[in-house]
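To start, the structure itself, in structure tokens.
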2 protein chains.
Amino acid sequence: MASYKDIHNILLERITGGEWPPGRLVPAEADLAEEFGCTRVTVNRAMQALADAGLVERRRKAGTRVVRRQSRDTVLTIPIVRDEITGRGGRYRYLLVERREAVPPQNIRAELGLAARDRALHVLSLHFADGRPYQLEDRWISATAVPGARTESFEAVSPNEWLLREVPYSRAEHIFSAARATAEEARLLELDADEPVFVIARTTWLTNDPVTHVRLVHPGSRFRLVTRDQPPGAL
Amino acid sequence: MASYKDIHNILLERITGGEWPPGRLVPAEADLAEEFGCTRVTVNRAMQALADAGLVERRRKAGTRVVRRQSRDTVLTIPIVRDEITGRGGRYRYLLVERREAVPPQNIRAELGLAARDRALHVLSLHFADGRPYQLEDRWISATAVPGARTESFEAVSPNEWLLREVPYSRAEHIFSAARATAEEARLLELDADEPVFVIARTTWLTNDPVTHVRLVHPGSRFRLVTRDQPPGAL
DNA sequence: AAGTGGTCTAGACCACGGA
DNA sequence: CCGTGGTCTAGACCACTTC
């Protein structure tokens, strides 16, 4: 008997195999149910999985069509830096560089939705892989959204790990870019001036309240971000 | 009456709102069904959506637990470069630089799974935004996997768009990195020597057969990759 | 008006895996 | 063993949307 996963895989094969090219109208659920000898609900379950994966578009009355791809989506997993390093057998070390409460600069205030004189917590820290600087973590934490951070020293635990463990978040935005290292970044990361760096800027919200904004700066010469990349629509 | 989407949102709120913290054991489906006055199937539908989104982990007998986050996942949409430029009101231009069949270098052969003397199609092209170079597309296409490419000139249509339209793919891998521009890259992108560039390397497969490998090189000073970032678990 | 997907119910059986 | 999730069926009604 065909389960909804079997049906899903068969339909997936018809799509990726070219039997049902982009734009093609897929048979109605009732017809497929008859073909596979099951209920329409079971076909519906399989089809919804394909729709969730973005492989087909469904509209009542109009039916189901194979999507014409406009872009590629890929899932990016950004691990905790400690796990990333130890996971490939490296030696990890954490170092707190600076921790202070201050009025953030204009661009950070905007990101965190703070008023002109609001203070926030600034934590600058370094993550080492095998003794060499691997990531500079330049973070601002909203004191109002995360009051607990004011009593945490961040001497033993990095803000990244602490926040991930202690503070739920509901939304995040990432910006990836390549840049020249600034003088301070070069000094802390032990790079030559103007060496390229890979920058991940992330802002995190908890139901529309900004929680934290961080700049993660990596030496370009020894950092790569790799996607997980399951087949689209895999269950 | 509570639909499975309502139930999903209520449970989502309990998780992100802190009522059910990470590690918490969630009530059994049967209990929730009673609470919401619906069938267990309906609760199951909502729970599966949460599990798909990675917010809970479910095991038979053991029950359902709120996940302890180890990492952050984010969905990256890599648009067709033309759409990316025109989408923000820019002027787009495409230029074919070189097209030839040749034996690829060692690293590309490995990526495409080719034997030592197999030939492949090499296409080098440029994408301009408002008259300035925006992306260098350095692509190798497997002649065996995509025979149709051998009769396509790529003078009017970029390989990226042509492939996305003509060739289905089942899996892709991306590597993002920051680097110094090589001499040729600097020349083509009209950059100073050693300027930082943002590189996206992508290999694409169709059911385990490599289709194409591409290096997309962007001037670091005018390129950023931004994530879409829906709330986790949104339906 | 009619076709198509969206969803619910009630009941059932199975599969896994902790105790 | 037996509680929990995984899934199916048969039938039903509804909600869109195109004709």
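Reckoned from all heavy atoms, side chains included, excluding hydrogens, waters and symmetry mates.
Summarising the geometry, the separation between CZ on F36(A) and P on dC8(D) is reported as 13 Å, rounded to the nearest angstrom. Spacing between atom CD of E57(B) and atom P of dG5(D) amounts to 14 Å, rounded to whole angstrom units. At whole-Å resolution of the value, NZ in K5(A) and P in dA15(C) are 14 Å apart. One can place NE2 of H8(A) at 13 Å from P of dC8(D), the figure rounded to the nearest angstrom. In this structure, L25(B) atom CG and dG18(C) atom P are separated by 13 Å, rounded to whole Å. Between E29(B) atom CD and dT7(D) atom P the separation is 11 Å, expressed in whole Å. Distance NZ (K61(A)) to C1' (dG6(C)): 17 Å, rounded to an integer number of Å. We find that CZ of R45(B) is positioned 19 Å from P of dA10(C), with the value rounded to whole Å.
Within the structure, a side-chain polar atom (N or O) of N44(A) is placed less than 4.0 Å from OP1 or OP2 of dG6(C). For the pair R58(A) and dG6(C), the criterion of a side-chain N or O lying under 4.0 Å from OP1 or OP2 is met. Side-chain N/O atoms of T64(A) include one lying less than 4.0 angstrom from OP1 or OP2 on dG5(C). Close to dT9(D), at under 4.0 Å from its OP1 or OP2, lies a side-chain N or O of T42(A). One finds a side-chain N or O of Q48(A) lying less than 4.0 angstrom from the OP1 or OP2 phosphate oxygen of dG6(C).
Checking dG3(C), dT18(D), dT9(D) against the side-chain heavy atoms of V41(A) singles out dT9(D) as nearest. Set against dG5(D), dT4(C), dT7(C), the side chain of A28(A) has dT4(C) as its closest nucleotide. Among dC8(D), dT4(D), dA15(D), the nucleotide with an atom closest to any side-chain atom of R60(A) is dA15(D).
Within the nucleic acid shown, R40(A) comes within 4.0 Å of at least one base atom, counting heavy atoms only. Counting any heavy atom pair closer than 4.0 Å across all strands shown, R59(B) reaches sugar-phosphate atoms only and no base atom.
Using a 4.0 Å cut-off between charged side-chain N and carboxylate O, R215(B) and E111(B) make no salt bridge.
Taking the six-membered ring for Trp and thresholds of 30 and 60 degrees, H218(A) and F198(A) have ring planes more than 60 degrees apart, a perpendicular arrangement.
Proximity of a side-chain donor or acceptor of R99(B) to a complementary backbone N or O of E152(B) within less than 3.5 Å is detected. Side chain of S158(A) to main chain of E161(A): a donor-acceptor pair is present (N/O by atom type, distance under 3.5 Å, no hydrogens or angles). Although no hydrogens or angles enter the test, the distance criterion places no donor-acceptor pair under 3.5 Å between the side chain of Q135(A) and the main chain of V81(A).
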